[in-house]
Protein chains: 2
Amino acid sequence: MTETTAVLDRVLHLATLVQSDLARFEREQGLTTPRVHLLWVLGEAGPSTQQALSRALGVTPRNVTGLVDGLVASGHVSREPHPEDRRATLVTPTGLGSRTIEDLVTSHVDLAHRLFGDVAPAALATFDEVLTSTVDRFAGLMAEADGR
Amino acid sequence: MTETTAVLDRVLHLATLVQSDLARFEREQGLTTPRVHLLWVLGEAGPSTQQALSRALGVTPRNVTGLVDGLVASGHVSREPHPEDRRATLVTPTGLGSRTIEDLVTSHVDLAHRLFGDVAPAALATFDEVLTSTVDRFAGLMAEADGR
DNA sequence: TATTGTTATACTCTATAACTATA
DNA sequence: TATAGTTATAGAGTATAACAATA
């Protein structure tokens, strides 16, 4: 019988390894995890207001100001005026920012392939099924606990 | 065929859910992730010098001073003199610290059971096999990249 | 000389509260 | 009155460098 605690420990171990891989990317690019996260969101959503980024990142608007300040200083994004709302700014990737986002996506896909590319298809399918059902069940439990 | 990138995304999603669960524990106990990590190491290794904690946590000795200062202030650990080396201190859990470590272990085991307790044994065994081989292979790649 | 831990200094991420400009 | 973003202030985690006490 498989010990559930041992399985959780291995999931955590894998998560720390993935985190270390991201840390290498950050060192190479002179970035930090929260700034990379912001760039990632920008890559998915396109130019965004700081309010939208605040919600997507789960941090306060004040914090977004600081993250964007840093990314402006490093040349990854610029603050553009919002065409319809003069209160708001559109945080927009620069050329450097866009290239960094592309590198981020590439290295993400590459990591996925390094991790799972050699796993037998049937085993990988089972792995993914367990993963999916676990995530779904647990997300439900968390939402329930938060609402309570 | 299963997309490797989708699998990686789900692994990452599970990791963030586990992290949220830890965050709840931290809020309840008035602790932070690095301090909980230090307590966890203390639970595994017993009373330790700050040098040992520095290596185990992967942070500078200066940083350990700060973490221990915080945990002393909150009453979770104390600095005891090292019996053989007058330069060193032994960071030691107090009664509160020991109870917190026990709670931490309990909630870790409990989380593992909530996550994987209902998964069919055969599927869980396959899941764990893929996980183990992936972690081993990837840890090897990371060590190689670091050494290069 | 080498090691253990601390003081000094600095940067990043995080938060709340108060404020300005605009809707 | 409400919303978008900033200034003010504060605390935690991280780092390097220089220093004291001890080995």
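To find a chain, count down the sequence lines: A is the first, B the second, and so on, and within it residues start at 1.
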Those residues that, when tested against [X], pass side-chain contact (heavy atoms from CB on, under 4.5 Å) (two or more places apart):
X	value
V135(A)	H13(B), L14(B), L17(B)
T32(A)	P34(A), R35(A)
D69(A)	T65(A), R79(A)

Review point. Between dA23(C), dA4(D), dT4(C), which one does the side chain of R86(A) approach most closely?
Key: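 Nearest to the side chain of R86(A) among the choices is dA23(C).
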[X] [atom1] - [N] [atom2] separation (whole Å):
X	N	atom1	atom2	answer
E80(A)	dG5(D)	CD	C1'	16 Å
H82(A)	dA4(D)	NE2	C1'	10 Å
E84(B)	dT22(D)	CD	C1'	15 Å
Q50(B)	dT7(C)	CD	P	11 Å
L53(A)	dT6(D)	CG	P	11 Å
D85(B)	dA2(C)	CG	C1'	12 Å

Study note, to complete from the structure: When the rotation axes relating C1' atoms of four end pairs to the next four are compared across the helix from dG5(C)-dC19(D) to dA23(C)-dT1(D), five pairs an end, they differ to 10° by 0°
Check your understanding: Taking atom types as modelled and ignoring hydrogens, do the side chains of E102(B) and T100(B) form a donor-acceptor contact shorter than 3.5 angstrom?
Key -> no
Can you list the residues that meet the side-chain hydrogen bond (donor to acceptor under 3.5 Å, both in side chains) rule with [X], with sequence neighbours excluded?
X	value
D128(A)	R10(B)
E26(A)	T33(A)
S133(B)	none

Review point. What ring-ring contact (aromatic ring centres under 6.0 Å, His included) pairs are there with at least one residue in residues 87-134 of chain B, not counting sequence neighbours?
Key: F127(A)-F127(B), W40(B)-H108(B), F116(B)-F127(B)
Exercise for review: Hey, could you give me each pair passing ring-ring contact (aromatic ring centres under 6.0 Å, His included) that has a residue in residues 43-68 of chain B? Not counting sequence neighbours.
Suggested key: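 The answer is none; no pair qualifies.
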**Study point:** Partner set under salt bridge (charged side-chain N to carboxylate O under 4.0 Å, His left out) for D110(B), not counting sequence neighbours
**Key:** R114(B)
Review point. Is there a donor N/O on one and an acceptor N/O on the other, under 3.5 Å, for the side chain of R87(B) and the base of dT3(C)?
Key: yes
Review point. Where along residues 18-47 of chain A does a heavy atom fall under 4.0 Å from DNA chain D?
Key: none
Exercise for review: Kindly state which residues belonging to residues 55-71 of chain B come within less than 4.0 angstrom of DNA chain D, counting heavy atoms of the residue only, listed by number.
Suggested key: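 Here the set is V59(B), T60(B), R62(B), N63(B), L67(B).
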Check your understanding: Among the clusters formed by ILVMFWY side chains lying less than 4.5 Å apart, do L104(B) and L67(B) turn up in the same one?
Key ->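 Yes: a chain of side-chain contacts under 4.5 Å links L104(B) to L67(B).
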